[in-house]
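Here's the structure we're looking at; comments come further down.
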Number of protein chains: 2
Amino acid sequence: MNIGEIARRSGVSRSTVSYALSGKRSVSEATRQRIQAVIDELGYRPNAAARALKEGRTRTLGLVVPPPRRRLTPAQLEFVAGVVEATDRADLDLLLSPSGDDHDRSFERIVGGRRVDGVILMEIRLDDTRVRRLQGLRLPFVTIGRTARPQGMSWVDVDYAALIGRCVDHLADLGHRHIALVNRSAELLASGHGPAHRAKEGFADAVTRRGVEGVEVGCADDVAAGEACVQGILSAHPEVTAIATINEAALPGVQRALESAGLDVPGRFSIAGVTARHRAEQFHPQLTAADVPAVDMGATAVDFLVERITEPDAPPRRHLFVPPISLRNSTGPVPAPR
Amino acid sequence: MNIGEIARRSGVSRSTVSYALSGKRSVSEATRQRIQAVIDELGYRPNAAARALKEGRTRTLGLVVPPPRRRLTPAQLEFVAGVVEATDRADLDLLLSPSGDDHDRSFERIVGGRRVDGVILMEIRLDDTRVRRLQGLRLPFVTIGRTARPQGMSWVDVDYAALIGRCVDHLADLGHRHIALVNRSAELLASGHGPAHRAKEGFADAVTRRGVEGVEVGCADDVAAGEACVQGILSAHPEVTAIATINEAALPGVQRALESAGLDVPGRFSIAGVTARHRAEQFHPQLTAADVPAVDMGATAVDFLVERITEPDAPPRRHLFVPPISLRNSTGPVPAPR
DNA sequence: GGAATTCAGCGAAACGATTCGACTGATCAC
DNA sequence: GTGATCAGTCGAATCGTTTCGCTGAATTCC
């Protein structure tokens, strides 16, 4: 069921069939219809591999996701969803590559075998070997998050520093003088995870700027860690009355720890964060948070990537998302001391 | 950077390079090493499109996921993760196709253009047009869930009927005489969603078998619906003391409704369900539930699919998962009436 | 020592599309 | 009437692999 078969059955040459399909040269209406009829009858679709070989492009995008073994955060999930949808809208296909920091088999298959026209890289490190590999191959790519020196590359990112700063501002405005940052894990921080680093910096800046006391603690990405982490804060720093966090996965644990400590939110304790809207609304009470626009980010990443593919010489595109903080019910004035 | 370049630089023919790489014919150790050196130096990888064209297979699997717009359930997410990992382990690539019940552009691109060697179909309907399309194309596929007449096809599924039955048994054993089933939405049921149908049947069977009162309600896949649904049950059927559910997405809402009704779990109300372990542990108190082994199911689906691809004439494979109910803290004896 | 076998390697033919140059009539301008 | 233009079509080359058949040379067998 190849183009030759169609050509034979409609009594024309292969090239005519191709032109009828692509419209790149004129074909008389009569033969066009004849060809189309045969195609419809046989249900013919051009073979993607043959087309890719000849055209030198695959009409496929690659999405490099963190190995799903350790669960993705809600924002990452939404980001993937945004990429999937936007890729589909652009009439492109999407190849998934689960791969960690160092480029492994899957990454190499996709990228070395030129199975994709471009790549979206999630969970980037400040210094990332995969980025260098892609640059070496001159394969278009877009990162979600920035490396330490993002000049000359296309990326989308969330301004964690600014957002954590705003959380601190908001809490300080409410009178809180002792604020804890529940960051992501110390390991991630050590491995050069951008958001963890920038949250840390943004927190430190805001805390000095507002003249309040800040304590930063690392916390693994699961509810048990969140619970333990908050218990630690409450016992080691009983003066703390508010938490700011970027650790989405820990949130249910944070909630549980506050509950079992008998700390009413927002009556006796406040919490603000940066997370996917969905997660914020699932918190109890609903979480005052900067809602990371992950779906939009995914769509934007696809747009940028398509642009880099079609116009490799255009200047790189970048976008730093700074979503507003949505006031919900998890923050309130500092409680009167008793 | 193609095979010809490698051949030239190592002073052999293209075919020799190919044989050196594949090992399908013997190549002298000396030239093999010479070739390998050149390959390593230039970082050559065979072009996937050319190879696919010649070999007639793409070394790629397709995964048809529900459109991510409406959020996937935790079990679905885990299933995707299992498929991603297993595909990677099998040294295959994975193409994602978001597509609803009727086969749309994306599905047609992947399947019609022969971009994949086989397909895994999620969220199957009892009567599914995509299944017929795949059968027509004679493209190997595996479904997650069964159609109404699954004879002759490969599939993996969870035995929702049996599991809901066991939930009812467990609750009846504890003395509950009035049990509600929180099913998935009426729309899904109407559209021929297998799990919804089978949960309904299993519930009806178990309820008559145990001689208890059962009320079944449909509920959309979100927390607001879950909350509303439980409120509805509590007011319309105040005699109900326990809930069984397969609706993962509604769980946080169920929890919230119970909380605000002042019903202590498991002291005054019991709840048991079928859901991903992760979700069960996030419930408060932790949920007594049959943990759907979604990661295993994903891996199994990939195994089955690979088998269908490599041995098209072997009999189809199928596996019905019936995970045990994990006793946690959300079920207890029926409260004394007051 | 000649015949049979094995080993290494080469050349050419696919795979299924796209695209370029060339050809054929028709139409048009003058 | 002649030359130019143009729409419509065809044949052949090409993309980068894999694989089949063949050929010398080296080795083995009686």
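A, B, ... follow the sequence lines: proteins, then strands. Residue 1 opens every chain. Atom set for the values below is all heavy atoms of this structure, side chains included, hydrogens, waters and symmetry mates excluded.
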Quick one: list whatever passes side-chain hydrogen bond (donor to acceptor under 3.5 Å, both in side chains) with A:Thr300, sequence neighbours left out.
->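 Per chain and number, A:Thr300 pairs via side-chain hydrogen bond (donor to acceptor under 3.5 Å, both in side chains) with no residue.
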
With sequence neighbours excluded, what pairs up with A:Asp303 under the side-chain hydrogen bond (donor to acceptor under 3.5 Å, both in side chains) test?
->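 Per chain and number, A:Asp303 pairs via side-chain hydrogen bond (donor to acceptor under 3.5 Å, both in side chains) with no residue.
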
Using a heavy-atom cut-off of 4.0 Å to chain A, what are the terminal contacting nucleotides of DNA chain D, in 5' to 3' order?
->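 Counting from the 5' end, contacts occupy D:dA7 to D:dG16.
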
A:Ser15 side chain to A:Ser18 side chain, donor-acceptor N/O pair below 3.5 angstrom =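 There is no such pair between these side chains.
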
Contacts of A:Leu53 that satisfy side-chain contact (heavy atoms from CB on, under 4.5 Å) - sequence neighbours left out = B:Ala49, B:Ala50, B:Leu53

Pairing residues for B:Arg146 by the side-chain contact (heavy atoms from CB on, under 4.5 Å) criterion, not counting sequence neighbours |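 For B:Arg146 the side-chain contact (heavy atoms from CB on, under 4.5 Å) partners, ignoring immediate neighbours, are B:Pro150, B:Trp155, B:Asp157, B:Arg198, B:Leu320.
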
Atom of A:Leu188, atom of A:Arg125 and distance for their closest heavy-atom approach = CD2-NH2, 4.4 Å

How far apart are the closest heavy atoms of A:Val84 and B:Pro68, and which atoms are they?
-> CG1-CG, 4.0 Å

Stretch residues 7-30 of chain A: residues that reach within less than 4.0 Å of DNA chain C through a heavy atom | A:Arg14, A:Ser15, A:Ser18, A:Tyr19, A:Lys24, A:Arg25

Mind listing the residues from residues 35-53 of chain B sitting with a heavy atom below 4.0 Å of DNA chain C? Number order is fine.
-> B:Leu53

Among A:Leu134, A:Val65, A:Val142, the one residue meeting side chain to side chain contact (heavy atoms under 4.5 Å, CB included) with A:Leu121 =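 Passing option: A:Leu134.
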
Span of DNA chain C engaged by chain A, first through last nucleotide within the 4.0 Å heavy-atom cut-off, is C:dG16 to C:dA22

Bend of the helix from C:dG1-D:dC30 to C:dC30-D:dG1 from end-axis comparison, five pairs per end, nearest 10°, comes to 40°

Below 4.0 angstrom, N of the basic side chain to O of the carboxylate: do A:Arg70 and A:Glu187 qualify?
->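 Salt bridge absent between A:Arg70 and A:Glu187.
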
A:Glu29 with A:Arg32: basic N within carboxylate O range, under 4.0 Å =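 Here A:Glu29 pairs with A:Arg32 in a salt bridge, since their nearest N and O are under 4.0 Å apart.
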
Measuring from A:Gln135:CD to A:Asp128:CG, what's the distance to the nearest 0.5 Å?
->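 The CG atom of A:Asp128 is 10.0 Å from CD of A:Gln135, to the nearest 0.5 Å.
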
So CZ of A:Phe141 and CZ of A:Arg130: to nearest 0.5 Å the spacing works out to 11.0 Å

Any salt bridge (Lys or Arg N to Asp or Glu O under 4.0 Å) pairs touching residues 79-88 of chain B, not counting sequence neighbours?
-> A:Arg69-B:Glu85, A:Arg109-B:Asp88

Any pair counted as side chain to side chain donor-acceptor pair (under 3.5 Å), so long as it reaches residues 46-68 of chain A, sequence neighbours left out |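 Counting only pairs at least two positions apart or across chains, the side chain to side chain donor-acceptor pair (under 3.5 Å) contacts touching residues 46-68 of chain A are A:Glu55-A:Arg59, A:Thr58-A:Asp117, A:Thr60-B:Arg115.
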
Any pair with a residue in residues 310-319 of chain B that passes side chain to side chain donor-acceptor pair (under 3.5 Å), sequence neighbours left out, goes on the list, sorted by first then second residue, please.
->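 Sorted result for residues 310-319 of chain B: B:Glu307-B:Arg317.
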
